[in-house]
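Throughout, residue positions are numbered sequentially from 1 according to the sequence presented. Numbering of ligands and ligand atoms starts at 1, following listing order.
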Amino acid sequence: MSQEKAHGERRYRIATIDGDGIGPEVCQSTVAVLREACGSSLLDFEMHEGGAGRYTRTGEVLPRSTEDACRAADAILHGAAGLPGVTYADGTEVGNDLHLMLRSRLDLYANVRPIKLYPGVNGPLKNWSPGQIDYVIVRENTEGLYASRGAGVNLRGEVVTDSLVMTRKGVERVARFSFALSRQRRGARRDGKHRLTVCDKANILRSYAFFRAVTTEVAGDFPDVELDYAYADAITVHMLRKPDFYDVIVAENMFGDIISDLGAGTIGGLGMAPSGELGDRHGLFQGAHGSAPDIAGQDAANPFATILSGVMMLQWLAQTHGDDRLHKAADRVESAVTRVLEAGAWLPRDIGGTARCSEVTQAVCRALK
Ligand code: ATP
C-alpha cells in the first residue's frame with residue numbers, strides 16, 4: 001500500500017487553546033487558514049480553555065480537561081496566554097503557567113524558533129535580503145533559570161534567589177536534537193555549512209560551562225556539523241552583523257527566550273516569529289510572542305507568527321507520521337503566506353501595513369484557493 005493510501009483515512013486531532021489577549025484572534029486566524037489548506041478530511045480542531053482569563057473565572061490556568069486533551073491529541077495549537085493584572089501573590093504572572101505547565105508535564109524540551117526573513121517584510125537590517133536571514137534558535141525549554149519558577153527563595157524580603165538548573169540528560173537531549181536539526185537543514189546561508197552555535201556564558205558560570213562541555217561531547221556523534229561557540233552577550237551583536245553565518249543556535253532557556261526576541265526583531269518583529277515546542281511524543285505550536293494585551297480585541301494583531309507556527313505543526317505531524325498530505329499542505333500555506341507578504345496589499349500594522357488581522361487571514365485563505 002502506498003504511503004498516500006495508507007494515510008488516506010487518517011485524521012489528526014488538534015487540541016486548540018485560544019488563550020488571552022490577541023490569543024483568540026491569531027489562533028482562530030490560523031484555524032481558518034489550516035482548514036482552507038487541508039479541507040475537511042485531515043484535521044479536527046478541538047477547542048479547549050486555559051490561561052489567565054480562565055484562571056480569574058475558575059482558579060485554574062490549565063484545567064485538567066485541557067491537559068488531558070493535549071496529552072491525547074496529535075498536536076497542540078495555541079494563541080497566547082497571560083494578562084498583566086492577573087498575578088500570583090509573589091507578583092509573577094499567572095497566564096504563563098498554561099504553557100509552562102504543558103512544557104514540563106508533556107516534556108517539550110526543544111523550543112524551535114525559526115528566524116527567517118520573508119519577502120515583502122521591511123526588517124531593520126537594511127543590508128540583508130530574504131534568503132540571507134534563515135536560521136533557527138533552539139531554546140532549551142524545561143531546565144535553565146526558568147526551571148526555578150515558583151521555587152525561588154525570598155528571605156524576609158531582603159535576599160531573593162532563583163537557581164539555574166541543568167542536568168546531563170537535559171543538555172544532552174537538546175544538543176542531540178539541535179545537531180540533528182542542523183543535519184536536516186541546507187546549512188548556513190553564508191557558506192552552506194551545517195553549523196551548531198552553542199550560546200552560553202561558559203566563561204562566568206559553571207552551569208553554562210557544563211552546557212558547553214556536554215554539547216561538545218555530543219558533537220562527536222555529528223562530525224558533519226561544525227561546532228561553534230558564542231557568549232550570550234556577544235551573540236546579540238553577531239545576530240545583527242552576520243545573521244547569514246548562523247544555521248542552528250542552541251541556548252539555555254532564558255538566554256534562548258531573550259535572543260529569540262532579538263532574532264524576531266531582525267525579521268519584522270514578534271508578529272513574524274513562529275515557534276514549535278517539541279518533545280519525543282508531543283508538540284505545541286504558538287507564535288513566539290505573548291498575548292499583546294495593548295492591542296487585544298482590536299482586530300489589529302499580526303497573525304503570521306501563529307500561521308507559520310501552524311506550518312511548523314503540519315511539518316512536524318508529516319514527519320512524525322510519514323504523511324505526505326501534511327507536507328504538501330505545509331508547503332501550500334507557506335507559499336500562500338509568502339505571496340501575500342510579497343504582494344504587499346494586505347500587510348498587518350506591525351510590519352508597516354494597514355490590514356486588520358481578519359483581512360490578513362482572508363488574504364491568505366484567498367491565496368490558498
Ligand atoms: P511574553 O513575556 O508572554 O512573551 P511579552 O511581555 O514579551 O510577552 P508580548 O505580548 O509578546 O510581550 O508583546 C510585546 C509587544 O509586541 C506588544 O505590546 C505588541 O505591541 C507587540 N506584539 C506582540 N505580538 C504581536 C502580534 N502578533 N501582532 C502585533 N503586535 C504584536
Student: Name the one of D97, N96, D90 that satisfies side chain to side chain donor-acceptor pair (under 3.5 Å) with R149?
Tutor: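 Of D97, N96, D90, side chain to side chain donor-acceptor pair (under 3.5 Å) with R149 is met by D97 alone.
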Student: Under 3.5 Å, which donor-acceptor pairs link side chains of residues 202-214 to any protein atom two or more places apart or in another chain?
Tutor:
from : atom 1 : to   : atom 2 : distance (Å)
Y208 : OH     : E252 : OE1    : 2.9
R212 : NE     : D200 : OD2    : 2.9
R212 : NH2    : D200 : OD1    : 3.0

Student: Tell me if the aromatic rings of H194 and F179 count as close, with their centers under 6.0 Å from one another.
Tutor: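 Between H194 and F179, the centre distance exceeds or equals 6.0 Å.
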Student: Given a cutoff of under 4.5 Å between side-chain heavy atoms of I, L, V, M, F, W and Y, with clusters grown through shared members, what are the other residues clustered with L98?
Tutor: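 When side chains under 4.5 Å apart are linked, the cluster holding L98 also contains I17, Y55, V61, L62, I76, L83, V86, Y88, V94, M101, L102, L106, L108, L284.
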Student: Heavy-atom cut-off of under 4.0 Å around ligand 1: list whichever protein residues fall inside it, by chain and number.
Tutor: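 Under the 4.0 Å cut-off, ligand 1 touches I22, N96, L270, G271, H289, G290, S291, A292, D294, I295, A301, N302, D350.
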Student: Do you know the tightest heavy-atom contact between M239 and I137?
Tutor: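 Closest approach of M239 to I137, heavy atoms only: CE-CD1, 4.1 Å.
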Student: By the ring pair (Phe, Tyr, Trp, His ring centres under 6.0 Å) test, which pairs, at least two apart or in different chains, include something from residues 284-311?
Tutor: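 Qualifying pairs, neighbours excluded: F285-W316.
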